[in-house]
Each structure stands twice: as structure tokens, then as C-alpha cells.
There are 2 protein chains.
Amino acid sequence: MRESQRAAMPAARKARGRPSARDAMLDAAETVVIEQGAARLTLDAVARAAAVSKGGLMYHFPSKDALLQALVTRAIERSHQARAAQRARLPAGHGQELLAYLQASVGDPLDNDRVSRALLGVVTGNPQLMAPVREFYAARLKQLAREVPFERAALVYLATEGLWLMELLDASPFSKSQRNRVLKQLRSLAVEGGKLP
Amino acid sequence: MRESQRAAMPAARKARGRPSARDAMLDAAETVVIEQGAARLTLDAVARAAAVSKGGLMYHFPSKDALLQALVTRAIERSHQARAAQRARLPAGHGQELLAYLQASVGDPLDNDRVSRALLGVVTGNPQLMAPVREFYAARLKQLAREVPFERAALVYLATEGLWLMELLDASPFSKSQRNRVLKQLRSLAVEGGKLP
DNA sequence: TTTAATTTACCGACCAGTCGGCATAGTAAT
DNA sequence: ATTACTATGCCGACTGGTCGGTAAATTAAA
């Protein structure tokens, strides 16, 4: 589990968009961790879900850690894409970035990050896996604070992250209507920054 | 590890303040989980740290789950106490509760919740353990929102919780001075609720 | 002596990682 | 074009070890 990082990684994706066996295995791993939790995310379970043997799985991921890293990386990439998608359908202007981030994080459904929810259990079990997440978070804040005053960006940022994390932990104390009130306020704070009641 | 909830719990604390063997074992469990992480929080490790045999440990906690529940419960109690302590040394008035909560959560040191940090890994591994935490969170919000308008309470609440959780995850992107600026703003929002830059 | 507390020894399940081998496809030499 | 060789992808049995939980035996307390 130490530094087996880039030992033998068979070039498994010559063409970028192919559903290489590797990607199929990551999909399987996500299914397992979503349906059974981080504790039951075993190599055997992933292999079974991917309909390959354990040896076949470990051919592509030399260790369990390598598999987990790949999962986290893919989740981060998806997070990027979600924000970019929101940015694209938002009018340019003050607070566009902040609003896009807000919408991508806690926008209406929130169902698409069942993966993130499941991965929370994975990263808390392997704190080293947090490294890329940390970078991601830091870069995001930097970008958001370029657009609006730091204080306001930080406030919206923290509240959003708080809501997101509490919901990931299934610990949000807000009713549906309370949640809506909060979100409405956050949205207006992101673009205008007015007064607070 | 299934539903062994309240099977056989030998009445191990007749007198409430005694450093009953039970409490010593919980202390040991905390040491283990802090120093070695949730994954290495095994019954053997706790027994070793408490200087008892594994059988002795399991006499007091009929299952590992019972031990974890007790850990979580104690952490919640301590959270209550920390807030009460802050409330006591704060001038009564508008936003006292909110400010006490803020100070207790992310007040200067933050070192005393190494336990919480460690327990995060425990609860993500056993989502059922979140039940008492959920209650705790819900009750807290209700109390905070009685004092100041809901919108403002919720905003401070979420931002505080966001900062706290990100720091628990070791993922806070703020520098020390940025953190201070944010806290200063949150404090003033808790008691005054003025404008935002 | 009965009850409470604790020990020692063990079981069964689970799990990450290893290893030898198999099959297919491509390449090279004859 | 047949043969020899090699690389890739995959298989599944096995190993060494960990961990939660159990049970009988032992000691301490009431």
C-alpha cells in the first residue's frame, strides 16, 4: 500500500472515450459502495459486481488503495463538470461563479452525489485520500473569492459547504421549506450581497 | 454487529461520578481512536489500552456497537457542556446563544475535539450511530432560531457547521488570517446582523 | 456461597494481496 | 504460411493475518 503508485499500469485506454474494462470496474466499485457502504467495498465485492475475477481486478488496480484513489479522482472530476455545466447556463456577471458553485453543490435534486456520500466513508478511513480533495477545495475558494469580496464569498462558501456536508452525513436539521428559505437567501447573497434580517 | 442494541447492559455505574471501569474503558477507546484512527479501533486495541482483557471489556460493552454508541453519546454530552460553558461567560442579550454556539464550535483552539475528528470516521462507518447526532443537531438549530430571525440564525449556523466540518475533514482552505476574518464576521452576524460587504 | 468481574483460549468469518497458470492476439523468423 | 516467441488480460485457489464474538474457568466481593 506504500508507493506502488505508477508501477505497472497497463495502458488500458488508448482511445479516450472507450468504456475500457478499467472504467467498468470503477463503475462497479461505485455501485458497491453506494449500495453496501464503504465497509463492504471489498476487492471481491467489486470484482463480483464487475463480473471479473479478483485477479482480473487487481491486474488493473495493483492495490485497493489505487482503486480508491481512482474513485476519488473521478468524483472530483465530476464535481468540476457539474459546476461548469451550471456556469454555462447562468448569465455572466457578478456572482456567476459563486452562484454556479452554489447550484452545483446544493441545487435542487442532490441525488447525483450518492457517490460523494458513499465516498465520504472511504476518505475518512484513508485520510491520505483527502489530499486531492484538499487541493480541489483550495482552488475553488480562490476562484470564488476573485469575483466578489472575500468576506461574502467565504460566507456563502462556508454555508454551502456546511449544508452539503450535513446532508452528506444525513444530519441536516432543516425541513424542506426551511431549506428553500436558506437557499433563496444564499442565492441572493451570492449575486447581490444585501442586508441580513 | 446487527441489532444487539439493548441486550444485556450490566448496571455499571450506580454512583454517577465514579470513574467506573466503564469510563476508563471509554477513555482508552478515545485514546486509541485518536492516535490510530477509526480503522484500528478494535476491541483488542481498546482492551490493551485500558489494561484489561478483551473479555473484561466485553463484559461492560456487550458488543462493539455498544461501545461506539457510548463514545458518541459522551461526545455529544461534552458538546453540550462546551456550549453551556461559553454561554455562562457571555453577556446575556441578543445573540448570546448563537455566539456561544459559535465560540464553542470553532472558538480559538479547536484542539479539544480531536475526539470528534476521530469519531467522524466511526459514524461514517456505522450510519445508525448518527441517530443521536441528528437529534442533537435538530434541537440545537431550534434553540438558536428562537433568539434571532431564522434566516440569520440559519446562515451563521450553516457557516459555522461548514467550517467545523471542513476542519474535521482537514480540508479547510483558509489561512489563519482568513479564518480570523471569517470568524470576526460571523461573530458580528451572530449579535448584530448588519450588512455584508 | 452466591454473585459480580475478569481472564484465557478459541472459533469462524472475512479480507488484501500473491502466485502459477491459461488463453488470445500480435510479431518475427524460417 | 507455419512455427516460435511474447505481451496482454484474466482466472481462481491459496496464504497470512485480523477481528468480532463466545465460553469455560478463575478470582474478587457481598
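In what follows, every chain begins at residue 1, and chains take the letters A, B, ... in the order their sequences are listed.
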Between A:D113 and A:W164, does the side chain to side chain contact (heavy atoms under 4.5 Å, CB included) criterion hold? Intermediate values first, please. CA-CA 10 Å; A:D113 14 27; A:W164 187 72; 3.3 Å; yes
Nearest non-hydrogen partners of A:T124 and A:G121, listed with the distance: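 Closest heavy-atom pair between A:T124 and A:G121: OG1-O, 3.2 Å.
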Without decimals, in angstroms, what is the distance between [X] [atom1] and [N] [atom2]?
X: B:M58; N: D:dC19; atom1: CE; atom2: P; result: 14 Å
X: A:R22; N: D:dG9; atom1: CZ; atom2: P; result: 12 Å
X: B:R40; N: C:dA16; atom1: CZ; atom2: C1'; result: 13 Å
X: B:L41; N: D:dG20; atom1: CG; atom2: P; result: 8 Å
X: B:F61; N: C:dT6; atom1: CZ; atom2: P; result: 12 Å
X: B:K54; N: C:dA5; atom1: NZ; atom2: P; result: 21 Å

Given B:E161 and B:Y101, is the side chain to side chain donor-acceptor pair (under 3.5 Å) satisfied, shown in steps? CA-CA 10 Å; B:E161 220 50 43; B:Y101 153 71; 2.4 Å; yes
Consider only side-chain N and O atoms of A:R83 and A:Q103, and report whether a donor and an acceptor are under 3.5 Å apart. no
Just checking B:R40: does its CZ atom have more than 12 heavy atoms from other residues, nucleotides or ligands closer to it than 6.0 angstrom? no
Side-chain donor/acceptor contact of A:K64 with base of C:dG17 under 3.5 Å: no
Could you identify which residues of residues 42-50 of chain A place a heavy atom less than 4.0 Å from some atom of DNA chain C, listed by residue number, or say none?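 Listed by number, they are A:T42, A:L43.
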Check whether any side-chain nitrogen or oxygen of B:Y59 sits under 4.0 Å from OP1 or OP2 of C:dA5, and answer yes or no.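 For C:dA5, OP1/OP2 do have a side-chain N/O of B:Y59 under 4.0 Å.
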Below 4.0 angstrom from OP1 or OP2 of C:dT6, is there any side-chain N or O of B:H60?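 So the side-chain polar atoms of B:H60 do come within 4.0 Å of the phosphate oxygens OP1 or OP2 of C:dT6, strictly under.
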Nearest to side-chain heavy atoms of A:S53, which nucleotide of D:dG21, C:dG17, D:dC10: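 Nearest listed nucleotide: D:dC10.
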Whether A:R134 engages the ring of A:Y137 as a cation-pi pair (distance to the six-membered ring centre under 6.0 angstrom, angle to the ring normal within 45°) should be assessed. no
